Novice: 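Sharing a structure below in structure tokens format, with a few things to ask.
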Protein chains: 2
Amino acid sequence: MPATNGRSPVMADVARIAGVSHQTVSRVLNGHPNVKAETRTRVEMAIDELGYRRNSSARALVTRRTSVIGVVAFDPTLYGPASTLGGIERAARAAGYFLSVVTLQTVTREAVREAMDYLAQQSVEGYIVIAPLRTVVDGLVDLPYGRPVVAVEGGQAPDLPVVCVDQPGGAYLATRHLLELGHRTVHHVAGPHDWLESEGRVAGWRRALEEAGAPVHEPLSGDWRPREGYELGRRLAEDREVTSVFVANDQMALGVLRALGETGVRVPQEVSVVGFDDVPEAEFFTPPLTTVAQDFSEVGQRSIALLLSLLEESDSPGTAPKRDVVPARLITRQSTATPSTR
Amino acid sequence: MPATNGRSPVMADVARIAGVSHQTVSRVLNGHPNVKAETRTRVEMAIDELGYRRNSSARALVTRRTSVIGVVAFDPTLYGPASTLGGIERAARAAGYFLSVVTLQTVTREAVREAMDYLAQQSVEGYIVIAPLRTVVDGLVDLPYGRPVVAVEGGQAPDLPVVCVDQPGGAYLATRHLLELGHRTVHHVAGPHDWLESEGRVAGWRRALEEAGAPVHEPLSGDWRPREGYELGRRLAEDREVTSVFVANDQMALGVLRALGETGVRVPQEVSVVGFDDVPEAEFFTPPLTTVAQDFSEVGQRSIALLLSLLEESDSPGTAPKRDVVPARLITRQSTATPSTR
DNA sequence: GACAACATTGTTAGCGCTAACAGAGCCGGC
DNA sequence: GCCGGCTCTGTTAGCGCTAACAATGTTGTC
């Protein structure tokens with residue numbers, strides 16, 4: 001490393017080699033227009049020669065911008081959150097932002113606050129919180145950070161900028177599909193209470209049934225995991241009234257399929273099953289699962305877009321919180337059919 | 001916000017309120033021992049009163065430590081990488097580090113370099129690269145960053161600090177299990193060429209067969225996804241010689257199960273199947289899948305531990321790159337049995 | 001009581017960068 | 001020729017923090 005005596009080069013080193021002031025180097029790096037072309041190339045050559053890289057801390061200190069967005073996420077081994085995170089990350093990078101991610105083990109209000117405090121240490125410019133629970137969303141209003149917050153999957157939260165998938169719409173599609181196949185009604189295996197996605201899916205399912213004048217049975221409730229899907233599936237298998245089930249996610253639907261298969265109930269001949277999420281495996285379940293697809297990566301992109309727009313207008317507040325809803329779509333496979341006798 | 005005139009408080013504001021110098025505030029924040037207890041509480045009260053938070057950029061500028069670790073990851077919608085990432089993140093946070101994650105769409109050498117360049121902009125202190133491909137690992141030696149790099153799942157890479165799961169060991173366990181059940185030999189559906197995990201699993205499978213003197217059939221090769229598992233499964237179903245299959249991951253194993261089921265081959269009575277990963281769904285496949293579990297979160301923790309040890313000794317280099325191998329273990333379920341006739 | 005040793009606090013000088021201003025050189029118009 | 005207005009470059013002053021040193025007071029020891 002020439003002429004920097006061991007330490008990593010700074011702007012002054014580049015300036016010396018290029019025969020200019022350090023400020024001119026800064027201008028070149030920031031794409032300032034008023035730099036003579038010849039000077040610019042000389043500076044660029046010096047930068048290459050030294051392998052110089054601008055010190056981000058010094059820059060952040062003086063510009064008061066860290067270019068870091070804080071993300072609070074839940075269990076990213078689940079397909080949905082992981083995909084959303086991926087979409088967020090790509091969009092952030094495209095906009096020149098860095099992502100600092102904290103994932104939570106428990107989804108309490110305190111855990112979210114703690115995560116955001118941790119991110120605040122890093123002076124993030126804004127937050128994206130994947131907030132699928134009502135308690136979490138409620139804890140997100142009136143935060144003491146003075147920085148914009150976007151809630152992903154924040155449901156109907158009125159006082160918060162939110163990006164979410166149209167859960168009721170997706171559930172409505174799934175339920176309509178089963179009713180149109182000729183099922184008298186549709187049973188529902190819901191997600192956990194307090195989850196906004198559960199609530200939205202229940203709402204859409206209920207609306208479809210009520211519109212059709214179909215009887216509404218109280219939904220069973222699971223924890224998203226295949227195991228509970230399996231256990232609830234055993235209960236559904238025993239009930240000869242059940243001819244179709246709308247399950248709130250694909251993993252539980254897998255458990256339901258397994259339970260039905262074990263007890264000798266044929267899918268879709270005797271019972272139809274619809275899931276939600278369209279995980280890559282869904283196509284290869286036994287039988288391939290009809291389900292509702294969500295465009296997670298679109299959700300991620302819109303979250304970043306919304307946060308960036310909030311960052312821009314943070315000097316002139318007053319605009320009402322925005323809501324961005326991404327539609328869901330039905331994927332028809334072989335786990336649904338017109339009912340025959342059981 | 002009292003006495004800071006609108007702007008967010010700085011150390012000098014705290015100092016003024018507490019009636020001390022800003023350096024004493026700094027000492028309190030850094031837990032310096034020589035501060036009188038009474039002074040300390042006065043400073044802490046002033047901090048609380050103002051809601052003061054230390055400016056991380058200024059701190060990083062002067063200490064030359066950003067406390068950020070850069071992570072390059074692949075497709076985190078896959079269970080393994082996502083779990084590893086979770087383990088890394090928890091361990092990093094416990095050690096007071098922040099994580100900056102870049103996920104890659106394509107796994108070329110260039111893409112990895114690009115991601116690392118991006119992270120270098122942020123002055124990360126070290127890198128963790130989830131590097132399951134040979135090309136990626138090869139591109140990781142002699143990097144121009146002058147910062148430590150840990151490769152996760154970097155296989156046998158000799159010149160690089162590596163943390164990985166004992167892939168050959170896990171594959172050996174799976175294959176032995178099938179041989180001990182009485183299968184004459186074990187067929188293998190491998191992962192993609194060039195993936196180190198594929199290679200390791202092939203090696204362990206081959207060693208078990210050779211030790212037992214069993215015939216070694218050329219492995220089929222898939223892309224980890226259920227779809228190719230399904231297609232390769234169709235081919236295996238046609239071959240009446242096949243009585244047992246060791247599939248390189250659970251997702252492909254799902255496809256194989258589906259293919260066998262569709263063609264009327266009973267599992268495990270006619271063909272036994274073993275997977276790899278122990279995804280949460282594996283227990284609910286049809287039939288529940290015997291598979292090899294990897295402790296991903298342990299891998300994540302050890303990666304951080306290794307990186308931190310490299311950071312500490314970065315002033316005194318000379319120690320050889322370390323290798324940390326996490327054992328795998330067999331989970332026996334209902335997809336394997338003693339072979340009967342086909 | 002003098003002195004060393006320690007505990008506690010303050011003062012000063014940067015870390016590497018950008019913003020603001022200043023200044024030099026050059027052009028055209030009157 | 002002079003002046004306003006360009007383009008280009010340099011000088012200076014911080015951003016908010018920590019490290020190093022200096023300067024107190026406070027003990028204990030002989």
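As the structure is a prediction and not an experimental result, all values here were calculated from the model. These numbers come from the heavy atoms of this one structure, side chains and all, not from hydrogens, waters or symmetry mates. Sequence lines set the chain letters: A, B, ... in the order given, protein chains first and strands last, and positions in each chain run from 1.
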Novice: Under the side chain to side chain contact (heavy atoms under 4.5 Å, CB included) rule, collect the residues that match up with A/Thr108, sequence neighbours excluded.
Specialist: A/Thr106, A/Glu110, A/Ala111
Novice: Could you measure the distance from the NZ atom of B/Lys322 to the CG atom of B/Leu310? Nearest 0.5 Å is fine.
Specialist: 6.0 Å
Novice: Listed by chain and number, what are the ring-ring contact (aromatic ring centres under 6.0 Å, His included) partners of B/Tyr79, not counting sequence neighbours?
Specialist: B/Phe296
Novice: Do any side-chain atoms of residues 121-135 of chain A form donor-acceptor pairs under 3.5 angstrom with protein atoms, and if so which ones, sequence neighbours left out?
Specialist:
unit_1, atom_1, unit_2, atom_2, d
A/Gln122, OE1, A/Ser100, OG, 2.7
A/Ser123, OG, B/Ser56, OG, 3.0
A/Glu125, OE2, A/Thr66, N, 3.1
A/Glu125, OE2, A/Ser67, N, 2.5
A/Tyr127, OH, A/Met116, O, 3.4
A/Arg134, NH2, A/Glu199, OE1, 2.8
A/Thr135, OG1, A/Asp194, OD2, 3.4

Novice: If the condition is ring-ring contact (aromatic ring centres under 6.0 Å, His included), which residues does B/Tyr118 pass it with, not counting sequence neighbours?
Specialist: A/Phe98
Novice: Using the salt bridge (Lys or Arg N to Asp or Glu O under 4.0 Å) criterion, which residues pair with B/Asp117? Sequence neighbours excluded.
Specialist: A/Arg53
Novice: Check whether any side-chain N or O of B/Ser26 sits under 4.0 Å from OP1 or OP2 of D/dT18, and answer yes or no.
Specialist: yes
Novice: Sequence neighbours excluded, which residues qualify as salt bridge (Lys or Arg N to Asp or Glu O under 4.0 Å) partners of B/Glu153?
Specialist: none
Novice: Indicate for each nucleotide in nucleotides 9-16 of chain C, in 5' to 3' sequence, whether protein heavy atoms under 4.0 Å reach the base (B), only the sugar-phosphate (S), or nothing (-).
Specialist: BBBB-BBB
Novice: So, using salt bridge (Lys or Arg N to Asp or Glu O under 4.0 Å) as the criterion, who are the partners of A/Asp324 when residues are at least two apart?
Specialist: A/Arg302
Novice: Mind grabbing the angle between the end helix axes of the helix from C/dG1-D/dC30 to C/dC30-D/dG1? Five pairs an end, 10° rounding.
Specialist: 50°
Novice: Whole Å only: how far is the CG atom of A/Leu29 from the P atom of C/dC17?
Specialist: 9 Å
